[in-house]
Colleague: 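Shown below is the structure under consideration.
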2 protein chains.
Amino acid sequence: MPPPPAPSPADEDLGLVDGLAQLSFLVQSALSEIAGQHDLSVVQIRMLGILRDREPTMNQLGRHLGLDKSSITGLVDRAQRRGLVTRTASSVDRRSFQVSITDAGRQFVQQVAAEFAERIERCVAPLTEADRKRLSRMATRIVTTDARDRGIDLRTTPR
Amino acid sequence: MPPPPAPSPADEDLGLVDGLAQLSFLVQSALSEIAGQHDLSVVQIRMLGILRDREPTMNQLGRHLGLDKSSITGLVDRAQRRGLVTRTASSVDRRSFQVSITDAGRQFVQQVAAEFAERIERCVAPLTEADRKRLSRMATRIVTTDARDRGIDLRTTPR
DNA sequence: GGATTTAGTACGTGACACGAATCAAATTAG
DNA sequence: CTAATTTGATTCGTGTCACGTACTAAATCC
């Protein structure tokens, strides 16, 4: 949430909670803006990002994105209509499909990822190299711990 | 974007860019989940958070949220319908309204903020106290620098 | 005073997200 | 080996959100 500590003079610390909240809004809006320039939504990009090194079923994709399966159908529909992904009938379960990224989709995601990286690095420029290293470590730590906590999810999905 | 470095053994560093991206997804999903438990959306909560210590016009509110004015009408409409905010005719400009949070809205936002803080602190627990302090400082630094860069926005809006 | 800008609304469109209902295929029970 | 249940996915209806366009009324400019 926005700057609560209005009554400060110089550079007041926002506190961990508000700082992280605002940082997440910053990152998200950067992502949204860049994706938008390629006429893609954040969710679409997130999906493509997942599909970079995975070939999940609809269901698995839904779990990755934290979305209901009923949301996935439309998501994949739209992406497929634009030639970003494909549905392939599963050979083991005749009910399910494997979702794969197409070359076009891969190009998109690479382009967006590059622009995003550039943007983030610009935001992070005011930090010292040592701090950036620390920040990277800490973010990784938080994210992986959380992933572990809420049921394993890391690694690809070829199980 | 999800865990790209799959070929690692222990706790590989995700890198700054991916680490921050995933961290932002984590924060956002926490926020979304908590807001959802109170039957509110992230945007609604964000708006209420802004209105905690501001009383902007529709237009100013839109700028705070980075949304088009046409989006604001519906947003405020829905919130007003639920008794979370009010529109008050401006005394200086007969075209515009001041948007204010109601007591009910304030209660909601306080409750959500508390739960959110608790959740974030839990996520951040694996870090040492010193690291948490550093993380807070760095997040603040990034956020405030960015705000300064893209046209001043900090502080309340009584300009 | 007339032209232009500004604040907000109305309307249509489209992406998401969800829950409930549905169907077919797979799995489990008995 | 049927019968019952579970599971993968789709459809449909609803609601939020975001945008662009068009429009009204009030300010402001000249």
Side-chain angles (χ1 to χ4, degrees), chain A residues 25 28-29 31-48 50 55-82 84-100 108 157 159, chain B residues 25 28-29 31-48 50 55-82 84-100 108 157 159:
Chain A
F25 282 125
Q28 290 288 313
S29 81
L31 195 48
S32 153
E33 189 181 316
I34 292 169
Q37 286 167 6
H38 296 265
D39 205 47
L40 289 168
S41 76
V42 173
V43 195
Q44 297 276 341
I45 283 297
R46 235 186 121 187
M47 175 176 68
L48 294 183
I50 288 171
E55 211 163 272
T57 65
M58 299 270 160
N59 224 332
Q60 294 172 319
L61 183 56
R63 254 177 282 125
H64 267 293
L65 290 166
L67 296 178
D68 193 273
K69 48 183 180 163
S70 62
S71 308
I72 302 299
T73 301
L75 196 64
V76 172
D77 277 353
R78 287 184 291 271
Q80 193 170 12
R81 223 177 289 139
R82 299 179 50 178
L84 305 175
V85 306
T86 55
R87 260 183 259 232
T88 323
S90 163
S91 49
V92 281
D93 189 330
R94 260 184 301 167
R95 294 168 300 177
S96 67
F97 300 96
Q98 313 253 145
V99 185
S100 327
F108 265 117
T157 47
R159 52 182 67 262
Chain B
F25 281 125
Q28 291 287 315
S29 80
L31 195 48
S32 153
E33 188 181 316
I34 292 169
Q37 285 166 5
H38 297 265
D39 205 45
L40 290 166
S41 76
V42 173
V43 195
Q44 297 277 342
I45 282 297
R46 234 184 123 189
M47 175 176 68
L48 294 182
I50 288 171
E55 212 162 271
T57 64
M58 300 269 161
N59 223 332
Q60 295 172 318
L61 183 56
R63 254 178 281 126
H64 267 293
L65 291 166
L67 297 180
D68 193 273
K69 50 181 181 163
S70 61
S71 308
I72 301 300
T73 301
L75 197 63
V76 172
D77 277 353
R78 287 184 291 271
Q80 194 169 12
R81 223 178 290 139
R82 299 180 49 178
L84 304 174
V85 306
T86 56
R87 260 183 260 233
T88 322
S90 162
S91 49
V92 282
D93 190 331
R94 258 183 304 166
R95 293 169 300 179
S96 67
F97 300 95
Q98 312 253 144
V99 184
S100 327
F108 264 117
T157 48
R159 51 182 66 262

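Numbered from 1 within each chain, the chains take letters A, B, ... in sequence-line order.
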Colleague: Looking at CD of Q60(B) and CD of Q98(B), how far apart are the two atoms once the value is rounded to the nearest 0.5 Å?
Modeller: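 That separation rounds to 7.5 Å.
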
Colleague: In whole Å, what is the span from the NZ atom of K69(B) to the P atom of dT24(D)?
Modeller: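 For the pair K69(B) NZ and dT24(D) P, the rounded distance is 14 Å.
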
Colleague: Heavy atoms from C-beta onward define the side chain here; which of dG8(D), dA17(C), dG20(D) lies closest to that of D68(B)?
Modeller: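 Per side-chain heavy atoms of D68(B), the pick is dG20(D).
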
Colleague: If the cut-off is 4.0 Å, is R87(A) near the phosphate of dG8(D), judged by side-chain N/O to OP1 or OP2?
Modeller: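 So the side-chain polar atoms of R87(A) never come under 4.0 Å of the phosphate oxygens OP1 or OP2 of dG8(D).
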
Colleague: Please report, rounded to the nearest Å, how far the P atom of dT10(D) is from the CG atom of N59(A).
Modeller: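 Interatomic distance, CG of N59(A) to P of dT10(D): 10 Å.
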
Colleague: Would you kindly give the CZ-to-P distance between R78(A) and dT10(D), to the nearest whole Å?
Modeller: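 After rounding, the gap between these two atoms is 13 Å.
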
Colleague: With DNA chain D as reference, determine whether R95(A) or D77(A) sits nearer its 5' end, using the nearest nucleotide of each.
Modeller: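 The residue mapped nearer the 5' terminus is R95(A).
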
Colleague: Quick one, R82(B) with D39(B), criterion side chain to side chain contact (heavy atoms under 4.5 Å, CB included). Give me CA distance, side-chain angles, the key distance, then yes/no.
Modeller: CA-CA 11 Å; R82(B) 299 180 49 178; D39(B) 205 45; 4.0 Å; yes

Colleague: Contact class for L75(B) (heavy atom, under 4.0 Å): base, sugar-phosphate, or nothing?
Modeller: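 It contacts sugar-phosphate atoms only.
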
Colleague: Atom CD1 of I72(A) and atom P of dG19(C): how far apart are they, to the nearest Å?
Modeller: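 Result: 13 Å.
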
Colleague: On DNA chain C, does the nearest nucleotide to L40(A) precede the nearest nucleotide to R94(A) from the 5' side, or the other way round? Give the residue.
Modeller: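 Closer to the 5' end of DNA chain C: L40(A).
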
Colleague: Classify the nucleic acid contact of S90(B) as base, sugar-phosphate or nothing, counting any heavy atom under 4.0 Å across all strands shown.
Modeller: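 Result for S90(B) = nothing.
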
Colleague: Output the rounded distance in Å from CG (D39(B)) to P (dA17(C)).
Modeller: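 These atoms are roughly 17 Å apart.
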
Colleague: Taking the side chain of F97(A) as heavy atoms from C-beta outward, which of dA25(C), dT16(D), dT10(D) is closest to it?
Modeller: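 Out of dA25(C), dT16(D), dT10(D), the nucleotide with an atom closest to F97(A)'s side chain is dT10(D).
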
Colleague: Taking 4.0 Å as the cut-off, does a side-chain nitrogen or oxygen of T73(A) come that near to OP1 or OP2 on dT10(D)?
Modeller: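 So the side-chain polar atoms of T73(A) do come within 4.0 Å of the phosphate oxygens OP1 or OP2 of dT10(D), strictly under.
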
Colleague: Could you check how far CD of Q60(A) sits from C1' of dT7(D), rounded to whole Å?
Modeller: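 Taking CD of Q60(A) and C1' of dT7(D), I get 13 Å after rounding.
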
Colleague: Nearest to the side chain of T57(A), which nucleotide is it out of dT9(C), dA25(D), dA9(D)?
Modeller: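 So the nucleotide nearest the side chain must be dA9(D).
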
Colleague: Identify whether any heavy atom of S96(A) sits under 4.0 Å from a base atom; if not, whether one sits that close to sugar-phosphate; answer base, sugar-phosphate or nothing.
Modeller: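 The residue S96(A) makes sugar-phosphate contact but no base contact.
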
Colleague: Rounded off to whole Å, could you give me the CE-to-C1' distance for the M58(A) and dA25(C) pair?
Modeller: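 The answer, rounded to whole Å, is 16 Å.
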
Colleague: Are a donor atom and an acceptor atom from the side chains of D68(B) and S70(B) found within less than 3.5 Å of each other?
Modeller: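 Note: D68(B) and S70(B) side chains meet the donor-acceptor criterion.
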
Colleague: Does S70(B) put a side-chain nitrogen or oxygen below 4.0 Å from OP1 or OP2 of dC19(D)?
Modeller: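 Negative; the distance criterion is not met.
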
Colleague: In the structure I gave you, are the side-chain heavy atoms of L65(B) and L75(B) within less than 4.5 Å of one another anywhere?
Modeller: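 In contact.
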
Colleague: In whole angstrom, what separates D93(B)'s CG from dA25(D)'s P?
Modeller: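 After rounding, the reported distance stands at 15 Å.
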
Colleague: Before giving the answer on side chain to side chain contact (heavy atoms under 4.5 Å, CB included), spell out for M47(A) and V76(A) the whole-Å C-alpha distance, their side-chain angles and the decisive distance to 0.1 Å.
Modeller: CA-CA 9 Å; M47(A) 175 176 68; V76(A) 172; 4.3 Å; yes

Colleague: If you check every side-chain atom of L67(B), which of dT10(D), dG8(C), dC19(D) has the closest atom?
Modeller: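 Selected nucleotide (nearest to the side chain): dC19(D).
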
